[in-house]
Amino acid sequence: LRNFTAVVEAGAVRQAAKVLNLSQSSVTKSIQQLEDDLGVELLHRGAHGVTATEAGKALFARIKTIEAELRHARNDVETIQGAGFGEIRVSASPSVATGLLPRAVVAFQRAHPRVSFHILEGVYPDMLPAIRTGELDFAICLVPGRPRDDSLSFISLVKDRLVPAVRTNHPVLGRRKLQLADLADLDWIIYRRSHTGLDVFEQTFIANRLEPPKSTIECTSFACALALVENGNYITLVPTQIFAGNRNTPAIAPVLLDAPMQPWQVMAISRAKHELSAVCLAFLAELQKTAAKIDLPIAGVRRAARPRP
């Protein structure tokens, strides 16, 4: 099973053999034996590598679920023994990865210094399959609309909204009575677009009854998107989290609009609580505690002028 999993993840027997430190022939033989035992073909072999068959995909998903259960069991046993060890796997959307998540991890590790974290970037809903199998413990991200998956737990941490942002000396900052539609013809940077069409960038425009802008620049890196905006004549959508607290963002500024943008929920997504290890439940509590302390600014909204007495 380990050899089969490595081949599916690598997409090639040769690469998997290197990772496993085994000969290519021994890996191939072990998978052929597995196929014989199950009576089904697990891999499509082609000139450009291997891919899992439908049966192979089903087996791979089960293996990942078993691996996750073993990891949770190990975490629980170590918690009972008072060892204080454990591992937490988290996916975070780019904006959450620069705001809420680092604060929660730092606070949690002060009390649990021997708990390790594996953190990667991902957007809703692309990470949901990994949550279902247990490969990921949590996904923390902006969720557009109401979740439609009853098999998972969705816990609201904080409400946030995306706001247009440009460099601090961009000429659009001098304009007044702006609506989002007035910005559609500017040069937009789009970061980390989901392949499903459900990402918050597109949904923010759709919620305002607008077509998402076309762009010649799409980034899978939030940091690169910010750098492009800081150094060029571009505009993008950022969460108000990056303007909260003492975060240092002097090179970009929110574009003030006359009407507030659509709010989205920042959610912690996981399997049901009874399926999580004790260390994961403790981290979930820390996430909620940290989120409650975040004071989000009303960025991107132009306040009405007070009448003079």
Side-chain angles (χ1 to χ4, degrees), residues 5 60-160 200 239 241 244-245 264-296:
T5 302
F60 181 78
R62 288 291 184 182
I63 292 170
K64 285 300 180 181
T65 300
I66 292 169
E67 288 178 348
E69 290 299 333
L70 288 173
R71 184 166 52 84
H72 285 309
R74 190 180 301 112
N75 285 347
D76 285 340
V77 169
E78 290 171 345
T79 299
I80 292 171
Q81 292 177 332
F85 291 98
E87 181 187 47
I88 300 173
R89 298 187 173 218
V90 184
S91 171
S93 60
S95 56
V96 174
T98 63
L100 169 62
L101 182 60
R103 302 180 196 183
V105 170
V106 169
F108 186 78
Q109 285 213 309
R110 288 196 189 106
H112 307 82
R114 290 185 288 186
V115 173
S116 62
F117 281 84
H118 181 80
I119 301 171
L120 54 89
E121 254 189 26
V123 294
Y124 179 87
D126 294 355
M127 81 296 290
L128 294 186
I131 293 290
R132 293 190 188 97
T133 63
E135 188 176 354
L136 288 173
D137 297 313
F138 298 103
I140 308 165
C141 50
L142 283 165
V143 177
R146 301 185 67 177
R148 301 176 182 177
D149 193 326
D150 295 333
S151 66
L152 299 177
S153 170
F154 290 79
I155 297 177
S156 179
L157 298 174
V158 66
K159 275 190 176 182
D160 201 354
V200 291
Q241 282 185 60
W264 303 120
Q265 298 279 356
V266 176
M267 290 189 163
I269 308 171
S270 69
R271 294 191 293 171
K273 284 188 176 182
H274 70 269
E275 298 182 70
L276 299 178
S277 66
V279 71
C280 285
L281 290 173
F283 181 62
L284 178 59
E286 181 59 52
L287 278 170
Q288 293 173 295
K289 181 180 176 182
T290 302
K293 297 177 182 177
I294 294 180
D295 182 23
L296 295 178

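Basis for what follows: all heavy atoms, side chains included, without hydrogens, waters or symmetry-related copies.
In this structure, F117 and Q109 have side chains that are in contact, with non-hydrogen atoms separated by less than 4.5 Å. The shortest side-chain heavy-atom distance between V279 and F108 falls under the 4.5 Å cut-off. Side-chain contact between F60 and T5 is present, with heavy atoms from C-beta onward closer than 4.5 Å.
Annotation: salt bridge (charged side-chain N to carboxylate O under 4.0 Å, His left out) contacts involving residues 268-289, sequence neighbours excluded, comprise E69-R271, R271-E275.
In this structure, D126 and P129 approach most closely via the heavy-atom pair O-CD, 3.4 Å. Here the closest non-hydrogen pair linking S91 and E121 is OG-C, 4.1 Å.
Here SG of C141 is found 7.5 Å from CG of L128. Values are rounded to the nearest 0.5 Å. Here R62 contributes atom CZ and E67 contributes atom CD; the two are 14.0 Å apart, rounded to the nearest 0.5 Å. To the nearest 0.5 angstrom, L120 atom CG is 5.5 Å from L136 atom CG. Once rounded to the nearest 0.5 Å, the distance linking CG of L276 with NE2 of H274 reads 9.0 Å. To the nearest 0.5 Å, atoms CG (L284) and OG (S270) are separated by 6.5 Å.
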Quiz item: What's the verdict on side-chain contact (heavy atoms from CB on, under 4.5 Å) for M267 and I155, showing C-alpha distance, side-chain angles and the deciding distance?
Solution: CA-CA 5 Å; M267 290 189 163; I155 297 177; over 6 Å; no
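In this structure, D137 contributes its side chain and R89 its backbone to a donor-acceptor pair below 3.5 Å. Here the side chain of T65 pairs a donor or acceptor atom with the backbone of T133 at under 3.5 angstrom.
When each of T290, L287, I88, I119 is paired with V105, the side-chain contact (heavy atoms from CB on, under 4.5 Å) condition holds for I119 and for no other. The residue from I140, I269, L142 that alone fulfils the side-chain contact (heavy atoms from CB on, under 4.5 Å) condition with Y124 is I269.
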